[in-house]
Every structure is written in structure tokens, then in C-alpha cells.
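For reference, the structure is listed below as C-alpha cells.
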Amino acid sequence: MARPAGIGSLLDIAIDERVGAPLFHQLYAQLRQAILSGRLRRGEKLPASRTLAQELGISRNTVLGAFEQLLSEGYLVMRGGSGTYVAGDLPDLRPEQARAESAVAPPPELARRSAILLAGQRTRVPPARSTLAPCFAPGFIDSSDFPYPLWSRLLAKSWRQPSRAIVDGGDPGGYPPLRQAIADYLRQARGIDCAPDDVLIVSGIRQAVDLTCRLLLDSGDKVWVERPGFPGIGAAIAASGGSLVHVSVDEEGLDVAEGLRRAPKARLACVAPSHQYPLGVVMSLQRRLSLLAWARAAKAWVLEDDYDSEFRYAGRPLAALRSLDGDGRVIYVGTLSKLLFPSLRIGYLVAPRALAAAFRSARAVVDDQPAMATQPALAEFFTSGHLAAHVRRMRQTYARRQQLLLQAAERHFGGKIVLSPDAAGLHLVGRLADPALRRQGDAKVAEKIAAAGVTVSPLSAYDVGEAGKRDGLMFGYAAVPDGKFQPGARAIAAALGL
Ligand SMILES: Cc1ncc(COP(=O)(O)O)c(C=O)c1O
């Protein structure tokens, strides 16, 4: 059932460049909403990407980026050469979810800035281990190997006869023994010298970013963010009033000189110096020192996002940027989303000493304290050696899977998509070495791969502005079962005619 051109206005799709969220994300969120609310019906055909791009006044690659995401999450399907359709059997559409989601369709009385929240983070559906199709979507870990029996024992033990401190709580920074355990862990693993009182337990890195922005930025203050980068960080900053200045990342990490040229008076810089996302670059010492020198001179702050530094397979990691900071300008944040499992929703922020009390007050205002349910068990997980054992085990699994991915790519891609080993991380970037693939652009290549039932992400989906201009595909490998690398690479090669 073809729908005439003009679907954008029929569905009230509004793309706003002034909103911090990437354009493809805004389109993705609005199409998804239209599907969930039934305005786009199951089996309905979508207009061609070129037509939709023209109608909305955006680039075709932006449309392809949104389609690719919806394809990978199962909302859309490709049918042979005949086009893109709303899936007939939507995987995670339950009636109550559809109702709840349609309730957040933007009514006119919402604030203008609510567009950032509505277009922001997507719900990520983890790849089902049982599906036949390999899913190389980045950002997922293998949570099947977590020691759940041990975890349930620790939870039960801490709640059998809980102390007053556990039941009544009252510390906005979080459960003191957990803050102590994290401070000890960061000293040993990351060279960070901090006191338990500098540590704030948060629900994850994005909450840490949100609190940091509320505390340190006035509305409209400029913030350097990495380009390409993790969209969730940009969305959290924009949602709390920060104005994003996208600064390029090269082989040495964030280009500090570019940041200085474009926004010397920025108030904050967000970086992932240990292992940049998505490029995987480790920030050079020279750049680290320049960044800190800028922060000192400009009285600006640096937020260090250390989201996956535990997953390092070769060599010793550079110590955290925070360990070089003699001026108290670095706010260090980490998460247990990748280390343990994502739904735990526990992360930590290490405040500079002079800001620790302010962070605790801010935390108490927005939400008295972090939920206590898991903190005592986590403290014991850290201090009894279970964390170290789990990280060791997962490191072996992920290192092996990176090798399996490299071998599969080497065997099936004929040098046309080139993956290089990375000493750390949970995904690899495959460079489009073949000029014909480069001409198509990474979004189109990812779309063709999705049509064969395999998911990869185009690197340009993590960039702003010139979507489709990047020449890379992201291959997440952590959640891919060992046996799926070869079939996955073979299917990709067949889809692209490699
Ligand atoms: C670079 C980067 N920073 C931060 C996060 C978010 O972490 P959290 O789930 O703790 O908010 C992610 C998650 O994928 C990430 O890739």
C-alpha cells in the first residue's frame, strides 16, 4: 500500500537544526513514534529516501541513517528491490508500550527545549542471542556470563538483616562503603588519587553529565564535545542548556587547537581520552597537557568519560587524565553499564575536591540519594575480588571475539573493508577501503547490509552535519556469539558483492 509523497507533512515530521540532537536521530525518533502510535501502519511502504530527504529539506544520508537505525531495531524491513516497509511483525510493540509512547507525542504546550528530550536517547533493544542473523550493533556487552548466583547471594545477604545505614540511607553521595570501594579501585586501576568523599554514586554517565551541566553551566554556555562522539553525551548536555561545539577528533584525540580557535571561552570540554568513542583513539600526552592547560587558563572544566577502560587487551593503559590534573579542573566519570550489566544503572563521578560538597548538594536536590537496593552488594562485589575475576573473564572473552571478527573480516571482505586490531574496547571500526563503497557512503553500505539481515552501524551516525561523509562501519563484537562471526562476515560480503 504505497503512500503518496508528502508523508513528512502528513506525519507532522519536524526537523530542527537548532536542537542539539543529530538530525538523523530526530527523524528516527519521529518515525518510530509514528509506527508505535499506529500512524504508520504495519506493512506500509515508506517513501524513497531521496523523496523524503527532498520533502524535509535534509540530506539523503540523514534519512538513510534514520532508516538504518529503524531497520536494525526491527521497525522497518527491506523487501527485495521494492523498497522499505514498516515491519509486519513488530518485535517489541506491546499495546501498553504503544499507548505509553503515543502519550509522549509532542503536545503543543511543551517547552521548545523538550524537543531535545523527545528526540534524544533511543531505547536500545539488545540483539537476541537466539536469532540467526548476526548483530554487530555496537554498544552491547555479553551479559550472559555475569555470575548471577553469586550476585543474588550478595543481594540476599545485604538485605537479610540490613543496618540502619542501608534502610534509612541519607547520604546523597551514596553508600559510604561503596564510595570507599570505588575510590580504592580507581586508585589501583586508574591511578586516581581521590577520597571516598569525592566520589558520588550516580545512575550512569549521562546522569553525571546532567548534574555536571546543572552545576557548572549557565544556559547557553559553550561545551566542547568530540566529533564524532557518543550522541548520548551531546543530548544530555543540550538537554541541560549547554550549547554544543563539536570539535574534531584525529589520531591524537580531541583537537584542542581547533577547540581553542572555535570556542576559547567554552566552560566545559567532554572527552573520552582513554579510548575515544567511536574511533577508539587514545589521547596523546601532548593533547592531554594542552587540554589541562586550556582548562586552567580559561577556568573551564573537563569532564573525563572513562566508559570502558577496563576492557584493554594489550599493554598498560595510560593513567586517567584526572591523575594529571593538578588544578582540580577534571570531573571523572565511569559506569558499571559495560563492566557488569546495563540495567544496573550505577555509575560514579569523582569530583574535584573543591566541588565535592556542591555535587552532593545538587544530588540531594534532584534526588535525595542513589537507590540503596544494589549498593551494599556491589560494595562487596568490589572488595571481595569478584569484580577483578569478572573483568579478567570478560577480557578474555572479548579479546577472543575481537580476533574472531578480524579473522572473519580478513577472510571475507577481500581487503575492501579493512578492520585493524584495537588494544581496547568492544567494537572495531571497519574502513571502507574500496572506492566504490566509499562513493556510496557508509550509511548506504550499512543499509545494504541491513537488507541482508545483518546489523552494523555507519560511522557517520555518530557525527553531526555531514552525515554519510565518513568512511567507516562500526562492528560491535562483544555480544556476538563465537559461532556467528564467519556467517555474519560472509553475509555482508554477499550483500555488498565483495
Ligand atoms: C562513550 C560513552 N560514554 C557514556 C556512555 C553511557 O554510559 P551510561 O550508560 O552509564 O550512561 C556510553 C554508553 O554506551 C558510551 O559509549
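Note that ligands are numbered from 1 as they come in the structure, with each ligand's atoms numbered from 1 the same way. All heavy atoms count here, side chains included; hydrogens, waters and symmetry mates do not.
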Legend entry - Residue of the set Asp255, Val256, Leu303 for which side chain to side chain contact (heavy atoms under 4.5 Å, CB included) holds with Trp224: Val256

Legend entry - Contact check, Arg345 vs ligand 1, heavy-atom distance below 4.0 Å: yes

Legend entry - Numbered atoms and elements of ligand 1 in range of Gly204, under 4.0 angstrom, heavy atoms: 10 (O), 11 (O)

Inset, instruction - Please could you name the atoms of ligand 1 that Ser337 approaches to less than 4.0 Å, counting only its heavy atoms? - result: 8 (P), 9 (O), 10 (O)

Would you mind checking which non-hydrogen protein atom is closest to [atom], with the distance to 0.1 Å?
{"atom": "atom 10 (O) of ligand 1", "result": "Thr335 OG1, 2.6 Å"}
{"atom": "atom 3 (N) of ligand 1", "result": "Asp305 OD2, 2.6 Å"}
{"atom": "atom 11 (O) of ligand 1", "result": "Arg206 NE, 2.9 Å"}
{"atom": "atom 6 (C) of ligand 1", "result": "Phe230 CE2, 3.7 Å"}

Inset, instruction - Specify side chain, backbone, both or neither for Ile205, according to which of its non-hydrogen atoms lie closer than 4.0 Å to ligand 1. - result: both

Inset, instruction - Classify the contact between Lys338 and ligand 1 as side chain, backbone, both or neither, using a heavy-atom distance cut-off of under 4.0 Å. - result: side chain

Legend entry - Asp210 and Arg214 ion-paired at < 4.0 Å: yes

Legend entry - Test side chain to side chain donor-acceptor pair (under 3.5 Å) applied to Ser309 and Arg190, step by step: CA-CA 9 Å; Ser309 63; Arg190 307 295 296 123; 3.2 Å; yes

Inset, instruction - Give me the ring orientation class for Phe341 and Tyr148: parallel if the planes are under 30° apart, tilted from 30 to 60°, perpendicular past 60°. - result: tilted

Legend entry - Residue pair Asp463 / Ser460, side-chain donor-acceptor N/O under 3.5 Å: no

Inset, instruction - Only one of Tyr477, Tyr313, Phe311 passes ring-ring contact (aromatic ring centres under 6.0 Å, His included) with Tyr398; say which it is. - result: Phe311

Inset, instruction - Decide if the gap between the ring center of Tyr277 and the ring center of His427 is smaller than 6.0 angstrom. - result: yes

